[in-house]
Each structure stands twice: as C-alpha cells, then as structure tokens.
Amino acid sequence: MRSPIPDYLTDVLRAVEPDQSGATADYIPELAQADPDRLAAALCTVDGHVYSAGDATAAFSIQSISKPFAYALALADRGFDAVLEKVSVEPSGNAFNEMSVEPETGRPLNPMINAGAIATHSLTGPLGATPDERVARVIDGLSAFAGRRLEIDESVYHSEIRHAYRNRSLANMLRAYDIIADDPLVAVAGYTRQCSVLVTTEDLAVMAGTLANRGVNPLTGRPVVSAEVVRQTLSVMATCGMYDGAGDWMTRVGVPAKSGVAGGLIGALPGQVGIATFSPRLDRHGNSVRGADLFTRFTADMGMHLMEVPPAGPSAIRSRRIIGPADDEVALFSLQGDLRFAAAERVVREFQENPPEQSRVAISLRRVFSIDAVARRMVLEAVRRLTLDGHDVYLIDPDTVLPDPDPGTGGRVQVLHDLETFDTP
Ligand code: GLU
C-alpha cells in the first residue's frame with residue numbers, strides 16, 4: 001500500500017500555493033533575494049519517520065527558529081536558575097525586535113524575542129566559554145537536534161551583521177544592565193551566526209521531532225537535552241514563540257511553535273510529531289503566511305490542537321471479580337489503559353469506597369500499557385494501605401509495566417506473571 005500521508009502533504013501544499021500575500025524580509029538583503037515561491041512541508045514522527053513534500057530539501061537560514069533550541073542548550077549547559085536570572089519567560093506581546101526588558105532588572109522578557117535570544121546565546125556552553133566556543137557549541141547543538149552536521153551560511157551572516165543596528169542597540173542595552181558580560185558587538189556576532197545556520201524543511205521537522213520526543217533525536221536515537229529542558233522550551237514556545245501573534249496562534253493552531261524570518265516555521269506536538277513548513281513571504285508579525293495557513297490546516301485535518309480535550313476513555317478498572325477456590329478466594333481487579341493521575345485516582349477510590357472482603361487481593365496490569373510516575377506512586381500507596389489493612393497483595397504484571405514495585409514502609413507485594421498461582425478454573 002502507498003502511504004496516504006505524502007499524498008495529503010502534497011494536496012495541502014497545492015491548496016495554499018496560490019496565496020501570494022505577504023513579503024520576504026527585506027531588512028536582511030540576502031533574505032529579500034530568496035525565491036518567494038518556495039514551498040515545503042515535512043513531518044517527523046517520534047519513531048523517526050520523515051514525510052515531506054515540495055521543496056523540503058532546499059536550504060535556508062534558520063533565523064529565529066534557532067532561538068528555542070539555543071534556549072534548550074543554555075538550560076542544559078547552565079541550569080534553569082542561571083538562565084532564568086538573565087532571561088524571563090513572560091510573553092511580551094511585542095514585535096520580535098522590540099526593546100523590551102523588565103524595567104527594574106533589565107531582564108529580557110523571554111528568550112524568543114531578539115533581546116532574550118542575544119542574552120540566551122551568551123549563556124550557551126560552559127561558564128567562561130569564549131565567544132567562538134559558544135558559537136561552536138550552538139552549531140554542534142543545533143546539529144544534534146537535526147541529526148546531521150549543519151553549517152553557517154556566511155553570505156547571510158555578512159548580509160545581516162552589516163545592517164544589525166537594532167540588534168546592536170539591544171545588546172548595548174543588555175550590557176548596560178549587566179545581562180551580558182560580552183562586548184555587545186561580539187554578542188550580536190555570535191547570535192547572528194546562530195541565526196545564519198542553514199537548514200532544510202526536513203531538518204527542521206527532525207529538530208521539532210526531537211522536542212516532541214522528550215529531547216531524544218528520533219533519527220539518531222541520541223539524547224540531546226533532558227525531558228525537563230524540553231518541557232521548559234515547549235512552554236516558552238507555546239506562550240512566546242509567535243511574537244505578538246502568540247495568543248492568536250495558540251487558540252487557532254494550538255501547538256507550541258516558532259517562526260523565522262527566512263520563512264521557516266516549526267511546531268512540536270508532544271509525544272507525536274515534529275512539523276515544519278517553509279514559505280518565505282511573511283505577514284506583519286514576521287511569520288510565514290502560507291506556513292501559518294498550512295499549520296491551521298494540519299490542526300484541523302490531524303486533530304493537533306493541544307487543548308482539544310479528548311472524550312473520557314473507558315474506566316481504568318476493566319473488571320472486578322472473585323477467583324480462586326471457594327475457601328480461599330481472591331479479589332481480582334483488572335486495570336486497563338494508560339494510567340495517569342485521573343485513572344489512578346479511580347483505582348484508589350474503588351479500594352476506598354468498596355474495599356475487598358477477601359484477604360487476598362490481586363491487581364492485574366495485563367492490559368495496562370503505561371504508568372506514569374504519579375500513577376505509579378498512587379498505585380503503590382494503595383498497595384501499602386491494603387497491606388496495612390491486612391490484605392496480601394499481588395501484582396499480575398507479565399510485561400513489567402511497573403518495574404521494581406516498592407510500596408514503602410509497611411507495604412508488601414508479590415509480583416506474578418499470570419493468574420495460575422490462584423488455582424483458577
Ligand atoms: N536574525 C533575525 C533578527 O535578529 C531573526 C529574526 C527572526 O527570524 O524573527 O532580526
């Protein structure tokens with residue numbers, strides 16, 4: 001069978017193709033010369049399959065899409081406190097190049113606007129890294145997110161740096177407030193190099209896919225940053241990634257996203273897929289016109305809005321029955337699905353409201369496919385309390401979805417692979 005997904009991507013590119021509104025960024029002369037008709041889309045699943053259509057292997061500069069990745073690298077290199085001390089996480093509601101800093105501290109409002117991104121760049125690499133070492137760290141890091149070696153487009157770099165008056169004034173302001181320690185010109189040079197890294201739409205999909213996959217590159221299998229760093233990065237993308245259009249974007253499209261003035265746009269749907277589009281004509285916020293249209297269609301067609309509340313699933317308790325010989329009955333609770341807080345609460349409540357009369361209690365996890373840390377704690381606490389109430393508790397866990405179960409002080413549990421121990425007919 002031929003997969004319907006590339007056909008879908010081709011169809012959706014065809015649907016947005018006639019829209020010629022917007023204009024290429026002209027404040028960077030090299031970008032003004034880009035072919036405005038280029039159009040591409042790519043998806044990267046968390047198990048590492050890339051689908052693409054259109055000009056998905058054409059290279060362009062990453063620009064502001066580098067910002068969330070550099071932020072992730074700074075968090076990984078320096079830790080959350082050191083980064084938050086210099087760059088806040090509040091949406092600015094301002095344009096990308098606005099002179100916006102907190103009045104008292106001089107902290108840029110977030111790492112997605114230029115002021116915050118220049119400060120963030122200076123926080124990459126180990127403390128005391130030289131400007132060249134920081135640039136090397138950022139290129140290495142972006143490459144790890146993309147799963148291949150990326151390079152700087154020197155002509156884009158020179159074209160931007162010659163006209164970077166506004167970014168220089170931002171860097172001077174950051175230096176005056178002691179947010180950066182570097183010479184402002186050096187800081188802008190490093191940040192502009194970061195923005196000049198060449199990527200393709202497929203690279204961007206893999207980079208977004210690495211965020212969607214908790215920081216592990218889905219193609220190479222290599223961990224790039226931790227899941228905690230990804231959570232922070234995606235949160236900042238969701239609230240600040242689309243500049244002064246961030247609120248409209250989150251309500252309409254509903255995925256954490258980041259745009260760049262060369263026409264790239266990425267979105268990451270946690271646990272599912274990284275998405276990237278490329279079309280150089282921009283709207284007044286500096287976001288790609290056809291890219292935004294593509295994302296709106298993806299959301300509708302693929303049900304991607306993060307705030308879409310799924311219908312309540314079946315109860316976590318699949319069944320409750322009595323098994324075993326009449327003189328030594330066992331109360332068997334079979335759980336099912338993906339156990340998180342709400343499901344575990346349902347299980348705990350069942351034990352509380354309808355406590356088993358039998359002294360032996362078995363909890364079967366045969367139909368459970370995952371248990372998160374919170375549900376794990378709650379189930380083990382229920383086991384502990386059942387033991388304290390005088391029950392012998394068994395976990396039927398043939399696939400070890402709950403490894404090393406330790407119910408804690410006073411709790412006891414025996415792990416079985418099947419029900420045979422109970423002499424069931
Ligand atoms: N290098 C660009 C700048 O600093 C990035 C802007 C963007 O992509 O939004 O102006």
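Each ligand, and each atom within it, is numbered from 1 in the order the structure gives. The figures here come from the full heavy-atom set of this structure, side chains too, leaving out hydrogens, waters and symmetry mates.
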Pocket residues of ligand 1, ordered first by chain and then by residue number (heavy-atom cut-off under 4.0 Å):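 Residues within 4.0 Å of ligand 1: Tyr27, Gln63, Ser64, Phe96, Asn114, Glu160, Asn167, Tyr191, Cys195, Tyr243, Gly260, Val261.
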Could you point out which residue of Asp11, Val16, Val12 forms a side-chain contact (heavy atoms from CB on, under 4.5 Å) with Arg14?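 Checked Asp11, Val16, Val12 against Arg14; only one passes side-chain contact (heavy atoms from CB on, under 4.5 Å): Asp11.
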Do you know the tightest heavy-atom contact between Leu402 and Arg376?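 Closest heavy-atom pair between Leu402 and Arg376: CD2-NH1, 3.3 Å.
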Show the nearest heavy-atom pair for residues Ala41 and Ala56, with the distance to one decimal.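 For Ala41 and Ala56, the tightest heavy-atom pair comes out as O-CB, 4.3 Å.
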Going by an N to O cut-off under 4.0 Å, is there a salt bridge joining Glu133 and Arg137?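 No, this pair does not count.
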Using side chain to side chain donor-acceptor pair (under 3.5 Å), reason through Tyr191 and Asn167 one step at a time and then give a plain yes or no. CA-CA 9 Å; Tyr191 160 75; Asn167 284 341; 4.6 Å; no
Are Phe351 and Phe333 near enough that their ring centres are under 6.0 Å apart?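 Phe351 vs Phe333: aromatic centres under 6.0 Å.
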